[in-house]
J.: 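This is the structure I want to talk about, given as structure tokens.
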Amino acid sequence: MNADPQTRSKPDGEREASALEAGVRRGIAVVARGLRKSFDGGLVRALDGVDLNVRAGETVALSGPTGCGKTTLLSLLALLDEPDEGELELGGVPATRLRPAEPWRAANVGIVFQLHHLLPHLTVAENVALPLAVRTLSRRDRRDRVAGMLDRLALCHRADTLAAKLSGGERQLAAVARALIARPALLFADEPTGSVDSATGQVILDHLLGWCRDTGATLVLVTHDAAIAGAMDRTITMRDGRMR
Amino acid sequence: MNAALRSLTRRPRRTILTVAGVAAAACAYMLLVGSAQGFLAQFRKLSTLFGADLVLLQAGSTSPWNSVLPVQPLAKLGEIGDIAGVSRLALGKARIVGAPFFLLFGLDPAEPLLGHLAIVRGRTLRPGADEMLLGSLAATRLGIGCGGEIDVRARRLRVVGVYRTGHRVVDAGGVLDLATTQRLFNLHDAVSLVFLDLAAPSAAGSAAARITARVPNVVVASAGEWVESYGQLVVVEDFARFLAVLALLIAVLGVANVLHVSVGERTQELAVLRAIGWRRQRVAAHILTECGLVTLLGAAVAVPMAELILLLIDSAWLGSLETAGFLPPHLSGGVILEGIVVACLAGLLGAAAPLLRAIRVRPADALRGA
């Protein structure tokens with residue numbers, strides 16, 4: 001599933017990657033059945049039986065009103081959280097076989113958070129390189145790859161700037177670069193354009209869609225913006241923790 | 001290691017505050033343990049300071065300062081053979097200008113003990129004169145040298161010399177003529193301790209037995225052991241132990257609290273690292289390396305901090321003459337090493353709980369808390 005032709009070996013935790021690749025070849029990226037998730041001891045029901053199928057290479061928008069469960073669903077799909085009930089398969093592999101999730105995420109997943117979540121004390125290049133710290137790459141390969149990614153996102157001139165000193169748009173672009181640097185086959189983006197102006201939002205969207213087009217990666221993107229949703233292959237609308 | 005160093009150098013305010021917190025706790029540990037050990041060492045060092053073979057003290061006395069040996073029974077010492085020299089010592093303490101608890105040692109200029117004092121300035125005492133030899137530490141701290149005057153219990157004594165023994169408690173006091181001391185402190189003819197030089201030091205055991213048999217109400221101890229026979233030593237030892245425990249508590253709680261806060265506030269940062277694929281172990285190693293560096297740095301800063309405080313105490317900026325007398329002028333290597341080890345262990349302990357919590361929390365929960 002990993003779209004990285006330069007990855008020399010599959011370190012611990014990437015063992016499932018080959019199964020995932022097989023799943024992707026069969027055209028399966030995400031399958032969710034009856035996902036439920038509650039918070040505050042069951043008082044807040046975020047997801048109430050969600051079924052979802054996403055084909056490999058597909059770009060899908062998740063939309064719906066605030067609090068309908070979009071971000072919660074995205075967290076479950078990225079294995080950042082666990083469902084209370086339901087089944088989840090990623091690339092045809094049950095999510096229960098993908099624990100611990102960190103190595104799997106490192107090999108296969110890129111995440112863009114609504115808030116960029118860059119580490120403010122690191123430079124743009126250092127932030128972008130963080131996912132590569134767990135990969136078996138030489139220092140030179142790592143540096144080249146980061147430079148290439150920053151070039152792709154037109155951030156080269158900010159490579160050595162601390163994240164804390166970037167503008168809002170630059171931060172989100174750097175967050176996109178960090179999500180793409182490991183050449184993931186699955187991309188999850190939680191309102192990636194929500195905190196930037198429309199022009200920067202369009203740039204970010206273009207980069208995400210361009211990446212999917214170039215590498216065949218799958219994108220699941222949460223958005224409130226109808227225009228952005230319209231740019232996806234498919235839009236799924238949620239309400240009250242269910243698919244509408 | 002590089003990542004940890006980067007994290008520390010790029011967040012200087014946080015690093016400085018954390019290092020300062022660790023340093024304060026480690027410094028407190030080093031000072032308290034150093035003081036306790038120094039206090040005990042000073043007390044024990046009294047044993048060998050005067051260099052005699054046997055020491056007589058009042059049976060049941062709790063400290064040299066309340067030992068009273070009447071002169072009459074001591075006359076029987078002349079009946080015991082093998083004694084080459086007898087030195088009597090009368091101890092007193094008085095409030096003088098600049099020192100609320102000034103220790104005074106009364107010695108007879110004609111007896112051997114006074115000869116053991118190294119006079120570094122001036123001359124020795126004349127019998128019966130209102131004169132005083134001042135310890136070198138007292139002379140420095142009080143700013144009084146030869147020719148100066150000190151009032152003790154309404155009696156003006158002239159400083160005729162300065163001595164140095166290397167024992168800070170003794171060097172923080174003064175030496176008077178024995179008779180003057182007895183008058184000043186209403187001792188009549190009594191003394192506090194008697195030091196005996198034997199013709200044959202190897203016969204100390206039999207000499208002690210003969211003295212015990214002839215002189216009532218007296219304990220005879222060898223020069224190296226007499227301090228051990230005092231009940232006050234138990235108090236000093238307990239106090240030292242109490243200070244060590246207190247120091248340990250301060251260090252552990254101080255360092256642990258600083259690192260607890262430092263790591264705890266980074267839960268979200270750690271969640272981001274896990275979200276992008278860092279394993280728990282890697283995140284933990286990263287944070288522990290940082291904590292280790294901060295703790296080592298804090299402990300390293302603590303050493304000059306503690307030395308500076310001791311220097312200030314020694315130079316009268318902090319603490320009284322008596323405090324300076326009982327505190328060591330420098331930290332020992334053992335105390336420094338102990339302080340560093342305690343700080344490191346406390347740092348690991350303090351970082352462990354929030355770190356375990358941070359790496360156990362699901363990344364989504366931590367990120368949602370943003």
Side-chain angles (χ1 to χ4, degrees), chain A residues 2 11-14 37 39 46 71-83 99-123 126-135 139 162-165 175 178-182 184 188 190, chain B residues 1-19 259 261-291 293-294 297 355-370:
Chain A
N2 191 294
D12 184 28
E14 292 183 41
K37 181 73 181 175
F39 297 106
T71 297
T72 302
L73 177 60
L74 207 69
S75 293
L76 296 185
L77 300 184
L79 304 189
L80 295 172
D81 206 346
E82 291 177 32
R99 305 280 176 187
E102 286 84 4
W104 177 79
R105 268 200 302 274
N108 301 290
V109 175
I111 305 172
V112 183
F113 303 100
Q114 184 175 7
L115 295 168
H116 54 85
H117 284 316
L118 296 175
L119 303 193
H121 64 285
L122 298 184
T123 65
E126 288 162 353
N127 265 291
V128 171
L130 278 174
L132 300 181
V134 294
R135 306 290 285 270
R139 189 174 290 198
L162 288 178
K165 294 187 176 170
R178 184 180 64 187
L180 301 182
I181 192 71
F188 298 110
D190 188 0
Chain B
M1 180 64 93
N2 281 345
L5 278 174
R6 209 160 43 211
S7 177
L8 294 177
T9 53
R10 300 265 180 84
R11 291 187 270 211
R13 196 174 306 167
R14 176 199 291 195
T15 304
I16 288 170
L17 286 174
T18 312
V19 166
L259 288 177
V261 171
S262 173
V263 174
E265 68 184 12
R266 295 172 66 183
T267 302
Q268 199 181 97
E269 178 186 329
L270 307 188
V272 170
L273 292 175
R274 287 186 56 211
I276 63 175
W278 284 35
R279 276 173 171 269
R280 286 184 168 127
Q281 298 93 312
R282 188 183 188 92
V283 172
H286 171 68
I287 295 297
L288 288 177
T289 306
E290 246 187 78
C291 288
L293 286 173
V294 163
L297 200 57
L355 181 57
L356 282 175
R357 202 169 47 241
I359 60 174
R360 274 185 191 151
V361 72
R362 290 179 189 141
D365 291 337
L367 296 173
R368 198 179 296 119

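Order of the sequence lines sets the chain letters (A, B, ...), proteins ahead of strands, with each chain counted from 1.
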J.: Mind ranking A179(A), P131(A), A133(A), S75(A) by heavy-atom pairs under 4.5 Å with chain B and telling me who comes out on top?
T.: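 So the answer, after comparing A179(A), P131(A), A133(A), S75(A), is A133(A).
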J.: Regarding R274(B) and E102(A), does a basic nitrogen lie under 4.0 Å from an acidic carboxylate oxygen?
T.: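 Result for this pair is yes, salt bridge flagged.
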J.: Could you tell me whether R14(B) and E290(B) have a side-chain N and a carboxylate O separated by less than 4.0 Å?
T.: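 No.
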J.: Report the distance from atom CG of L8(B) to atom CG of L293(B), rounding to the nearest 0.5 Å.
T.: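 It is 6.0 Å, given to the nearest 0.5 Å.
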J.: Checking heavy atoms, do the side chain of Q114(A), its backbone, both or neither come under 4.5 Å from chain B?
T.: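 For Q114(A), no heavy atom lies under 4.5 Å from chain B.
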J.: So, do I111(A) and L80(A) sit near enough that their side-chain heavy atoms are less than 4.5 Å apart?
T.: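 Yes, close enough: below the 4.5 Å cut-off.
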J.: Looking at E269(B), R10(B), R280(B), which one has more heavy-atom pairs under 4.5 Å with chain A than the rest?
T.: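 Of the options given, most contacts go to R10(B).
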J.: In terms of heavy-atom proximity below 4.5 Å to chain B, should L118(A) be classed as side chain, backbone, both, or neither?
T.: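 The answer is neither part of L118(A).
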J.: How many angstroms lie between atom NZ of K37(A) and atom CG of D81(A), to the nearest 0.5 angstrom?
T.: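 Atom-to-atom, K37(A):NZ and D81(A):CG are 4.0 Å apart.
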J.: Looking at R105(A), R178(A), H121(A), which one has more heavy-atom pairs under 4.5 Å with chain B than the rest?
T.: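 It is H121(A).
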